[in-house]
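Atom set for the values below is all heavy atoms of this structure, side chains included, hydrogens, waters and symmetry mates excluded. Predicted model only: the values in this text are computed from it and were never measured.
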Amino acid sequence: MQNDPLQKPPDKKIKIFAVSSFLNDLGSDLISPVWPLFVTSILKAPMGVLGFLDGLGETLVAVSQAGSGFFSDKIKKRKIFIWLGYLFAAFGRLGYAVSTIWQHLIPFKIADRLGKMRDAPRDAMAAETVKREKRGVTFGFLEAMDSLGAVSGVILCILLFQLLGFRKLFLLAAFPSLVSAFLIFFFIKESSNSEIYKGFKFKDINKNLMLFFLAGSIFTLGTFSYSFLLIFAHHFGFKDVFIPILYLIFTSVNSLLAWPFGTAADKFGRKTISIISFILWGLTCLGFIWSQNYLFIIFCFVLYGLHKAAWKPIQKTFVAELAPTKLRATTLGSFQMIIGLCALPSSVLAGLLWDYFGPFAPFYFSLAATTLSLIFLVLVKEN
């Protein structure tokens with residue numbers, strides 16, 4: 001078993017990234033399970049507003065990653081974007097705690113999601129740290145630690161929510177990100193890379209990268225945030241106290257299987273695992289449409305966790321390898337920007353479809369978009 005990548009300890013720098021991600025996601029997911037209830041029940045916002053806030057968040061993630069990726073390549077620095085990102089996330093969560101109407105959430109959602117400026121530079125640094133044959137398992141390991149942090153955060157949410165309530169829980173959620181900023185600032189060193197930024201040219205974007213961008217964009221236009229799944233379950237009859245447990249189910253599956261999916265991508269190819277992830281999302285949509293009892297809905301959350309475990313680490317690996325080496329952070333950030341720009345209309349549209357045509361409408365639309373995106377994904381050739 002010595003050659004099994006799951007058994008081999010990752011690089012020291014990757015371990016620090018992993019611990020920082022674990023802590024940040026722990027803080028984030030102290031909030032995430034109760035976020036939809038806070039917005040709709042405490043601040044009395046309609047589903048369309050919830051979709052807007054979630055979509056706005058994803059769009060800001062995208063813009064921040066594109067900007068940080070570009071400037072990271074240009075100034076030949078990665079680290080500053082990473083630790084500043086964790087500080088922004090902490091500030092946003094502090095703001096949630098003092099918000100009294102849903103409009104107050106907007107600037108703090110902006111700060112929180114701008115914190116994702118850390119991802120593209122971090123992913124570029126991670127890709128530069130390991131060899132190609134280990135990139136799938138590396139990104140899988142990072143995603144597993146992200147998700148393990150999420151699982152830990154959800155468990156703490158379940159244990160502490162009744163004791164602390166929404167606002168004190170949000171205050172507590174800021175502190176792990178502060179620790180993450182400290183770890184990056186003091187323990188990560190910049191790596192010199194002579195191939196960093198030499199000027200962007202459209203000829204650097206090859207056909208396969210464009211096809212993958214297109215497949216990811218269409219897929220994102222048809223998907224929506226986890227909030228809709230939780231609210232669907234709530235309307236179906238799940239009590240408030242059980243909603244965080246549903247969140248825990250899919251984050252646990254994601255945490256357990258992201259690393260194995262990354263390993264599988266190194267063995268069977270990025271494209272194969274990407275196709276599987278799209279199919280898993282399609283099955284998730286069908287499951288919610290056909291839902292007839294509580295156990296079946298729980299199974300749908302398991303499917304959703306499988307989809308996230310397969311898609312999130314592999315898309316980064318795929319883009320990192322299709323990208324020109326000298327523009328790796330720029331390309332990673334640009335991909336996330338395009339995905340995020342698609343996420344805003346996606347979640348807003350899902351909210352409107354829900355409000356005007358009922359809770360099944362977003363799932364039918366998503367199935368159509370997923371089918372189209374699969375066609376383009378099949379056409380992509382790996383390097």
Side-chain angles (χ1 to χ4, degrees), residues 47 51 54-55 58-59 62 206-233 250 253-254 257-258 261 264-265 268-292 296-297 299-319 322 335-382:
M47 286 296 293
D54 286 351
E58 293 306 311
T59 299
N206 61 54
K207 176 183 176 182
N208 291 308
L209 183 59
M210 292 180 66
L211 283 170
F212 189 75
F213 271 44
L214 186 59
S217 300
I218 296 172
F219 180 72
T220 304
L221 279 171
T223 55
F224 36 81
S225 77
Y226 71 90
S227 296
F228 289 85
L229 305 184
L230 295 180
I231 295 297
F232 184 99
F250 77 75
V253 173
N254 186 12
L257 294 178
F261 269 121
F268 300 109
R270 322 311 189 197
K271 179 176 171 179
T272 300
I273 305 303
S274 297
I275 290 173
I276 289 173
S277 73
F278 281 25
I279 293 173
L280 286 167
W281 170 252
L283 292 174
T284 301
C285 291
L286 288 172
F288 277 95
I289 292 170
W290 295 337
S291 56
Q292 297 180 355
F296 198 78
I297 288 184
F299 175 69
C300 290
F301 278 94
V302 173
L303 285 176
Y304 181 57
L306 287 169
H307 154 68
K308 287 174 66 68
W311 176 236
K312 291 188 70 176
I314 303 310
Q315 62 177 317
K316 294 178 180 179
T317 309
F318 218 153
V319 173
L322 292 173
F335 178 75
Q336 294 301 327
M337 181 187 72
I338 293 171
I339 294 301
L341 290 175
C342 293
L344 177 57
S346 168
S347 289
V348 171
L349 178 60
L352 293 174
L353 287 171
W354 181 301
D355 287 336
Y356 288 100
F357 299 101
F360 294 112
F363 295 100
Y364 282 113
F365 178 78
S366 186
L367 278 172
T370 300
T371 302
L372 181 59
S373 63
L374 264 171
I375 295 172
F376 288 105
L377 182 59
V378 168
L379 298 176
V380 178
K381 295 181 180 179
E382 296 186 56

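- Using a 4.5 Å heavy-atom threshold, the side chains of F250 and L229 count as separate.
- Listed here is the closest heavy atom pair of I273 and I314: CG2-CG1, 3.6 Å.
- Nearest heavy atoms, A309 versus N254: CA-OD1, 3.1 Å.
- Counting only heavy atoms from C-beta outward, the side chains of W311 and L280 never approach each other to under 4.5 Å.
- Taking CD1 from I297 and OG from S291, the interatomic distance works out to 4.5 Å, rounded to the nearest 0.5 Å.
- Residues S277 and F261 have side chains not in contact (no heavy-atom distance under 4.5 Å, counting atoms from C-beta outward).
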message: Assess the residue pair L283 and F299 against the criterion (side-chain contact (heavy atoms from CB on, under 4.5 Å)); give the C-alpha distance rounded to whole Å, side-chain angles, the decisive distance to 0.1 Å, and a yes or no.
response: CA-CA 11 Å; L283 292 174; F299 175 69; over 6 Å; no
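- By the 4.5 Å heavy-atom criterion applied to side chains, F212 and K271 are not counted as neighbours.
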Would you be so kind as to tabulate the donor-acceptor pairs closer than 3.5 Å made by side chains of residues 348-365, with sequence neighbours excluded?
unit_1, atom_1, unit_2, atom_2, d
D355, OD2, G48, N, 3.3

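- Of the candidates F224, F228, Y304, F301, F288 forms a ring pair (Phe, Tyr, Trp, His ring centres under 6.0 Å) with just one, namely F301.
- No side-chain heavy atom of L214 sits less than 4.5 Å from a side-chain heavy atom of M210.
- Taking every heavy atom of both residues into account, T284 and C300 meet most closely at CG2-O, 3.8 Å.
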Side chains of residues 366-377: which donor-acceptor partners sit under 3.5 Å, not counting sequence neighbours?
unit_1, atom_1, unit_2, atom_2, d
S366, OG, G222, O, 2.6
S366, OG, W281, NE1, 2.6
T370, OG1, S366, O, 2.8
T371, OG1, L367, O, 2.9
S373, OG, A369, O, 3.3
S373, OG, T370, O, 2.8

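- Within the model, atoms CH2 of W290 and CZ of F296 stand 7.5 Å from one another, a figure rounded to the nearest 0.5 Å.
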